Amino acid sequence: MRNGVAAGLDVCLVLVFVAIGRASHEEGASLAGFAGTAWPFLVGLAAGWGVTRAWRRPEVLVPSGVGIWATTVVVGMLLRAVSGQGTAFAFVVVATSFLAAVLLGWRLIARFL
């Protein structure tokens, strides 16, 4: 799999997570609000790609997928906390679960295709 496709898919899935979350809480559809919610997780995603050197084999579940997922969640939550955004326990659980399902899920599917 090409790196650009894998990275683009990861970015799109993080943005879907943000869009669903904002819609479920009936938050405004402003671009600034969306960007404010998305940036911590996008930074975390980029950090995950860097930490795991995912460009070598971005489609593999371990170590790329698991490392990208864990780093996205941890860095995203830390950045949300230091920027004054919420990190309620329920949000952490939902974010961790949803991002695991999508960031690991497409890699599992790719493994069997």
Side-chain angles (χ1 to χ4, degrees):
M1 174 174 281
R2 304 186 97 181
N3 289 333
V5 172
L9 185 54
D10 282 347
V11 168
C12 287
L13 292 169
V14 168
L15 294 177
V16 165
F17 160 68
V18 171
I20 292 170
R22 289 186 59 81
S24 71
H25 293 287
E26 298 178 9
E27 294 177 346
S30 74
L31 185 57
F34 186 85
T37 304
W39 78 264
F41 295 103
L42 293 174
V43 171
L45 179 66
W49 269 74
V51 166
T52 64
R53 295 186 286 180
W55 57 87
R56 292 178 168 182
R57 293 193 58 209
E59 75 286 354
V60 297
L61 190 60
V62 177
S64 297
V66 171
I68 289 167
W69 161 63
T71 306
T72 299
V73 171
V74 170
V75 171
M77 291 302 169
L78 288 173
L79 289 174
R80 281 181 62 87
V82 298
S83 66
Q85 298 184 47
T87 55
F89 180 74
F91 175 67
V92 174
V93 170
V94 169
T96 301
S97 301
F98 185 90
L99 290 171
V102 296
L103 295 176
L104 302 178
W106 80 256
R107 288 174 168 87
L108 263 174
I109 293 167
R111 180 178 184 185
F112 293 106
L113 296 178

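Counting from 1, the numbers follow the sequence of the chain as shown. None of the values given here were measured: they were computed from a predicted structure.
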Original post:
Any link between Trp69 and Leu108 through a network of hydrophobic side chains (Ile, Leu, Val, Met, Phe, Trp, Tyr) touching at under 4.5 Å?
Top reply: yes

I'd like to know if Val66 and Val92 are part of one continuous hydrophobic network [Ile/Leu/Val/Met/Phe/Trp/Tyr, side-chain heavy atoms within less than 4.5 Å]. yes

>> When you group the ILVMFWY residues by side-chain heavy-atom contacts below 4.5 Å and let the links chain together, are Phe41 and Val16 in the same group?
In response: yes

Notebook entry, point to check: Quick one: are Asp10 and Arg107 in side-chain contact, heavy atoms under 4.5 Å?
Noted result: yes

query = Do Thr96 side-chain atoms and Val93 backbone N/O form a donor-acceptor pair below 3.5 Å?
reply = no

Note: Trp49 and Pro58 closest approach over all heavy atoms is CH2-CB, 3.4 Å

So do the side chains of Leu15 and Phe34 get within less than 4.5 Å of each other, counting heavy atoms only?
-> yes

Taken to the nearest 0.5 Å, the spacing of Phe17 CZ from Thr72 OG1 works out to 10.5 Å

| said: Taking Leu103 as the starting point, is it possible to reach Leu61 by hopping between hydrophobic residues whose side chains are less than 4.5 Å apart? | reply: yes

dist Trp106:CH2 -> Leu9:CG (nearest 0.5 Å) comes out at 5.5 Å

Q. Within the distance-only criterion (no hydrogens, no angle test), does the side chain of Arg22 pair as donor or acceptor with the backbone N or O of Gly33 below 3.5 angstrom?
A. yes

Exercise for the section: For the pair Arg111 (side chain) and Glu59 (backbone), establish whether a donor and an acceptor sit closer than 3.5 Å, ignoring hydrogens and angles. Expected result: no

The reported gap from CG in Leu104 to CG in Leu13 (rounded to nearest 0.5 angstrom) is 11.0 Å

- prompt: Can you hop from Leu42 to Val94 via hydrophobic side chains spaced under 4.5 Å?
  reply: no

Exam field: side chain Thr52 to backbone Ile68, donor-acceptor pair closer than 3.5 Å: no

Side-chain donor-acceptor contacts of residues 74-83 below 3.5 Å, not counting sequence neighbours, with atom names and distances?
residue	atom	partner	partner atom	Å
Arg80	NE	Gly86	O	2.8
Arg80	NH1	Gln85	OE1	2.9
Arg80	NH2	Gly86	O	2.9
Ser83	OG	Leu79	O	2.8
Ser83	OG	Arg80	O	3.2
Ser83	OG	Gln85	NE2	3.3

